[in-house]
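Chain letters run A, B, ... following the sequence lines, proteins first and then strands; every chain starts at 1. Just so it is clear, the model here is predicted, and its values are computed rather than measured.
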Number of protein chains: 2
Amino acid sequence: MAQKKKYLSKNQKIVLDIIEKSAQPMKAYSILFNVQKKGLKAPPQVYRALDKLVEIGKIHKIESRNAFIACRNSACTITNATAFSICESCEDVKEISSSKLSKYLSNFQDKEGMKFNKYNLEFFGLCKKCK
Amino acid sequence: MAQKKKYLSKNQKIVLDIIEKSAQPMKAYSILFNVQKKGLKAPPQVYRALDKLVEIGKIHKIESRNAFIACRNSACTITNATAFSICESCEDVKEISSSKLSKYLSNFQDKEGMKFNKYNLEFFGLCKKCK
DNA sequence: ATTACAATGTTATAATATAACAATAAAAGA
DNA sequence: TCTTTTATTGTTATATTATAACATTGTAAT
């Protein structure tokens, strides 16, 4: 289980802040560009903050896009069971919070009866606007 | 729907061949290294073959690992509904073929009733050996 | 034969991410 | 308090993953 942290460090706050202000996932170097005025000059500073924020569930990585999105889900308790919808036209990304879906996937067993403590699911299609 | 292609080109065959021989996902530059003796010298040659092979469903990309695995599923008809289990210790990857799971996910609708024509699901945990 | 399209070869470079190390700061234990 | 441990920071350099751009060749369809 990922640690619950009460306080974020300075760099972590700066990075989280910019991601939360964005409606859409942000790429690491776009974040870097945006936080340079705040003194974060080099990639490792951003990547370290990103790593920590992912670890504690404040943000999620959209693997197919190499981008990071703020978690708006149930006070960010979900770090190990993530699902997203991604519009293949406008790249709009939404986090899906469906207890039915998460129950189904958390209980899923493979052919050998194995269960998994973690998953990431990315749905693709066209959003309302683009359809 | 991805095209069904009867014949692969020379480079596509070479790249597919090396991936099929590997029990585990291969990274693009590892593939490149392995096919240099066959005349593929530069990244674009490999990436182009990979793109096409993904498109026609002969291989899948494991997004969280930036690696490519051969499809062993039902004659590779599934290019748009993929699920994998990934061992976080030994990095063993298996494609999951469960018609129950794929039906469940293909029929999944989000809160707005939207359906998706494509998804990718990656489960994480410890495999039998590593547990 | 001509046209279109797919695939190839090549060079260069963009985009994403980490290694390694020195220095500070914050938290926890004596 | 102090001192020890752990987390965080700053920095430079470099590794890894992926694509742009363009000239050329091969293949299939008209």
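Under the 3.5 Å distance criterion, the side-chain polar atoms of A:Glu20 are left unmatched by any main-chain donor or acceptor of A:Asp17.
Distance CG (A:Asp51) to P (C:dA19): 10 Å, rounded to an integer number of Å. Rounding to whole angstrom units, CG of residue B:Leu32 and P of D:dT17 are separated by 12 Å. Atom OH in A:Tyr47 sits roughly 11 Å away from atom C1' in D:dT17 (whole-Å rounding). Between the P atom of C:dT8 and the CD1 atom of B:Ile14 lies a distance of 8 Å, rounded to the nearest Å. Between A:Arg65 atom CZ and C:dA17 atom P the separation is 14 Å, expressed in whole Å. If you take CD of B:Gln12 and C1' of C:dA6, they are 9 Å apart, rounded to a whole angstrom. When the P atom of C:dT16 is taken as reference, atom CD of B:Glu63 falls 14 Å away, rounded to whole Å.
Taking the six-membered ring wherever Trp is involved, the centroid distance between the rings of B:Phe124 and A:Phe116 does not fall below 6.0 Å. The ring of B:Phe108 has its center closer than 6.0 angstrom to the ring center of A:Phe123.
Counting only heavy atoms from C-beta outward, the side chains of A:Ile18 and A:Met26 approach each other to under 4.5 Å. Residues B:Ile31 and B:Val15 meet the side-chain proximity criterion, which asks for heavy atoms closer than 4.5 Å.
For A:Pro43, the listed nucleotide lying nearest its side chain is C:dA17; candidates were C:dA17, D:dT8, D:dA18. Comparing D:dA18, C:dC21, C:dA17 against the side chain of A:Lys61 picks out C:dA17 as the nearest. With C:dT10, D:dT8, D:dG10 as the choices, the nucleotide that has an atom nearest any side-chain atom of B:Gln45 turns out to be C:dT10. Listed candidates were D:dT8, D:dT11, C:dT11. Nearest to the side chain of A:Lys41 is D:dT11. Side-chain proximity of A:Pro44 to D:dT11, C:dT10, D:dT17: nearest is D:dT11.
B:Tyr29 does not qualify as a stacking partner of the D:dT16 base, lacking a centre-to-centre distance under 5.5 Å together with planes within 30°.
Applying the 4.0 Å criterion to OP1 and OP2 of D:dA18, one finds that B:Asn66 has a side-chain N or O inside that range.
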